[in-house]
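Each remark here refers to the structure printed beneath this line.
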Amino acid sequence: MTIATRGTRAETRAELSRTTYDLLVIGGGILGTSVTWMAAQAGLRVAMVDAGDFAGATSSASSKLVHGGLRYLQTGNLKLVAENHRERRALAADVAPHLVTPLSFVVPIYRGGPHGAAKLGAGVFLYSALSAFGDGLGRVVTPQQALARVPALRAEGLRAAAVYGDHQMNDSRVAVMTVRAAVEAGAVVLNHAEVVGLRTARGTVSGAELRDRLDGGEFGVDAHLVLNATGPWVDHLRRMEDPAAAPSIRLSKGAHLVMRRHEPWKAALTTPIDKYRVSFAIPWEDHLLLGTTDEEYEGDPADVRATDADIAQILFEAGHAVQDSQLRREDITYAFAGLRVLPGGPGRVAAAKRETVVTRGRRGMLSVAGGKWTTYRHIGRLVLDILAHLPGRPLGDDLAAILPAMPLPGLASPDAVAMRLFTEREPGARMDPLVARHLAAHYGSIAFDVARLIREDPSLGERIHPDGPDIWAQAVYAREHEWAATVDDVVRRRTTLTIRGLDTADVRARVAGLLTK
């Protein structure tokens with residue numbers, strides 16, 4: 001099957017209806033997409049469906065970090081930190097260097113703070129050692145050196161700062177590229193397709209009944225094995241299989257703010273709030289990303305959002321280290337929240353282990369939840385290995401070996417791509433360098449396909465909103481090749497319009513019109 005294009009949604013539904021798949025993955029977030037990608041690489045006939053958009057919920061509401069997990073050093077889990085570092089560096093070096101970028105972090109050390117310079121200095125040194133010093137040497141710097149990296153840092157009471165290296169990304173773009181990689185490997189995918197029932201054969205779950213949320217059309221999918229990877233909704237689907245199924249997870253809400261940035265930052269801030277919690281202030285997409293909260297959530301996952309209390313808490317905690325001039329409410333462009341899926345059990349959610357939960361239902365459906373972006377490929381491989389060795393071998397006996405570091409589509413140097421985008425046209429018609437850099441950093445070499453649309457229709461080179469770098473060619477490309485079917489698919493997850501606060505009523509109306517063409 002080729003990459004999704006406009007007009008193929010009905011064809012995809014027909015293909016899903018007439019084929020019996022080795023594996024049907026329900027849920028297109030981090031976990032579902034990764035397992036689908038790995039299963040397709042292993043030679044399986046695999047399909048993936050999602051009731052909303054791919055990575056439309058929790059998986060696009062992260063802290064946008066690809067990191068080793070500095071806080072895990074406090075619990076003594078050196079093995080986990082080393083594993084995270086290996087995956088982080090694989091993503092940054094081999095799998096997605098066009099989408100995952102290095103970022104320095106500053107940990108301010110204030111008089112009376114929860115950690116001293118000696119402890120933090122030893123911590124960041126060990127952290128960098130566990131990454132084989134691939135991101136430089138973690139060390140302690142002077143207040144003046146810290147302020148040179150983060151000009152909005154509070155200077156009052158600042159005694160020193162620790163510095164270390166990690167990476168960041170745009171999670172929505174990494175998700176779309178991973179879906180594309182799965183399809184290029186042979187998977188069949190469909191978003192906005194809600195499971196309304198499960199099919200059974202001889203007492204075993206053998207597929208799903210679905211409803212297309214865009215036109216109401218109903219269809220079904222048959223599969224030898226069904227994987228429930230619906231994140232916060234995992235227990236809802238488990239109860240569809242078995243109404244008596246006991247809860248397997250609990251949820252923690254994490255809220256974030258995006259704010260206008262008044263001056264360049266050369267590094268991000270990791271500010272200790274107490275002995276266990278930290279606050280992030282991260283330069284991201286020409287803005288500042290602040291977060292996060294960590295509190296138990298018992299409501300409908302579909303209703304999760306950043307509340308006024310969340311916003312107040314995030315601004316207050318950021319204020320431990322960030323000057324007030326950078327924390328004005330009028331500078332907030334976007335507030336969002338997602339749900340962490342944690343193992344069920346007692347205790348505070350902030351102290352719960354961030355681990356993957358795997359259960360098998362009485363009718364054979366496997367359910368998996370949890371995980372994080374840094375190790376999403378690793379978790380996908382582990383889940384596929386579990387599926388491959390289930391009793392009765394529903395996936396068969398032979399799976400192809402998965403290559404250790406299959407790159408995501410568009411692998412290229414963003415700097416080289418941006419230079420070509422800028423220089424390959426006539427001087428009077430050259431692409432705006434800001435737009436060129438934006439396309440290169442979000443598409444890699446696929447940016448040349450987006451640019452080709454502009455050559456065919458120069459009007460598509462216009463900015464969607466004058467205050468942002470996104471252009472109309474991106475919206476067309478999202479519609480034709482990236483499964484974008486709703487306005488939010490385009491403005492929130494295929495472009496950066498929403499996070500910049502630029503998805504005005506006029507912009508949304510024009511995008512809606514483009515999607516109906």
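On a predicted model such as this, the values are computed, not experimentally measured, just so you know.
- Under 4.0 Å is where a charged nitrogen must lie from a carboxylate oxygen, and between R261 and D331 no such pair does.
- The heavy-atom pair separating N191 from R494 by the smallest distance is ND2-NH2, 4.2 Å.
- Looking at Y127, its side chain does come within 3.5 Å of a backbone N or O of G69 through a donor-acceptor pair.
- Within the 4.5 Å cutoff, the side chain of V507 has no heavy atoms near those of the L502 side chain.
- Looking only at atom types and distance, the side chain of H192 has a donor-acceptor partner in the side chain of D489 under 3.5 Å away.
- Between the CD1 atom of I26 and the CG atom of L23 there is a distance of 10.0 Å, given to the nearest 0.5 Å.
- Here the NE2-CZ distance, from H262 to R328, works out to 4.0 Å after rounding to the nearest 0.5 Å.
- Under the 3.5 Å distance criterion, the side-chain polar atoms of R154 are matched with a main-chain donor or acceptor of G319.
- Between R305 and D310 there is no salt bridge, since no side-chain nitrogen of the basic residue lies less than 4.0 Å from a carboxylate oxygen of the acidic one.
- Here the side chains of Q41 and L384 are not in contact, with every heavy-atom distance at 4.5 Å or above.
- At distances below 3.5 Å, at least one donor-acceptor pair connects side-chain atoms of Q168 with backbone N or O atoms of P283.
- D470 and H438 share a side-chain donor-acceptor pair at under 3.5 Å.
- With hydrogens and angles ignored, the 3.5 Å screen pairs no side-chain donor or acceptor of T375 with any backbone N or O of N84.
- In terms of modelled atom types and a separation under 3.5 Å, the side chain of R149 and the main chain of V106 share no donor-acceptor contact.
- Between F336 and H256, the ring planes are parallel. Angles under 30° get that label, and only those over 60° would be called perpendicular.
- With respect to E480 and R452, no salt bridge is recorded, no charged nitrogen being found less than 4.0 Å from a carboxylate O.
- In terms of heavy atoms, D94 sits closest to A405 at CB-CB, 4.0 Å.
- For the 3.5 Å distance criterion, the side chains of D449 and Y443 fail to qualify, holding no donor opposite an acceptor.
- Put simply, the side chain of E285 does not reach to within 4.5 Å of the side chain of V258, judged on heavy atoms.
- Inspection of the R173 and H442 side chains reveals no N or O donor paired with an N or O acceptor under 3.5 Å.
- Note on R9 versus D215: no salt bridge recorded, every NZ/NE/NH1/NH2 to OD/OE distance being 4.0 Å or above.
- Counting all heavy atoms, side chain and backbone alike, P301 lies closest to L251 at CG-CD1, 4.3 Å.
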Note to self: With salt bridge (Lys or Arg N to Asp or Glu O under 4.0 Å) as the criterion, how do D166 and R88 come out once you've worked through the C-alpha distance, each side chain's angles and the decisive distance to 0.1 Å?
What the structure shows: CA-CA 8 Å; D166 261 328; R88 174 178 69 87; 3.3 Å; yes
Next item on the list: Could you give me the CA-CA distance, side-chain angles and deciding distance for F105 and L103, then say whether side chain to side chain contact (heavy atoms under 4.5 Å, CB included) is met?
Entry: CA-CA 7 Å; F105 283 75; L103 182 64; 3.8 Å; yes
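- Looking at heavy atoms from C-beta onward, I446 lies in side-chain contact with Y477 at the 4.5 angstrom threshold.
- A donor-acceptor contact closer than 3.5 angstrom is absent between the side chains of Y376 and S59.
- Between R463 and D432 there is a salt bridge, since at least one side-chain N of the basic residue sits less than 4.0 Å from a carboxylate O of the acidic one.
- A distance-only check finds no donor-acceptor pair linking the side chain of E184 to the backbone of V179 [under 3.5 Å].
- Remark: the backbone N or O of S172 is not paired with any side-chain donor or acceptor of S60 at under 3.5 angstrom.
- Between R492 and Y334, the side chains place a donor N or O and an acceptor N or O closer than 3.5 Å (distance only, hydrogens not considered).
- Looking at every heavy atom in both residues, A181 comes nearest to P409 through CB-CD, 3.6 Å.
- Residues L91 and H167 are not in side-chain contact: their nearest non-hydrogen atoms beyond the backbone lie 4.5 Å or more apart.
- Minimum heavy-atom separation, E317 to T292: OE1-O, 4.3 Å.
- A 6.0 Å sphere centred on CZ of F316 holds no more than 12 heavy atoms belonging to other residues, nucleotides or ligands.
- Side-chain contact check for F54 versus M48: some heavy-atom pair is nearer than 4.5 Å.
- For V234 against V368, the heavy-atom pair with the smallest separation is CG2-O, 4.3 Å.
- Residues V196 and E218 are not in side-chain contact: their nearest non-hydrogen atoms beyond the backbone lie 4.5 Å or more apart.
- Atom-to-atom distance recorded for M177:CE and T33:OG1 is 14.0 Å, nearest 0.5 angstrom.
- Looking at D488 and T486, their side chains never bring a donor and an acceptor atom within 3.5 Å of each other.
- We find the OG-CZ distance between S413 and R420 to be 11.5 Å, quoted to the nearest 0.5 Å.
- Under the 4.5 Å side-chain criterion, counting only non-hydrogen atoms from C-beta, L411 is in contact with P97.
- Under the 4.0 Å criterion applied to side-chain N and carboxylate O atoms, R493 and D53 are assigned as salt-bridge partners.
- Remark: D171 CG to W284 CH2 distance equals 6.5 Å, nearest 0.5 Å.
- No donor-acceptor pair under 3.5 Å is formed between the side chain of S131 and the backbone N or O of F133.
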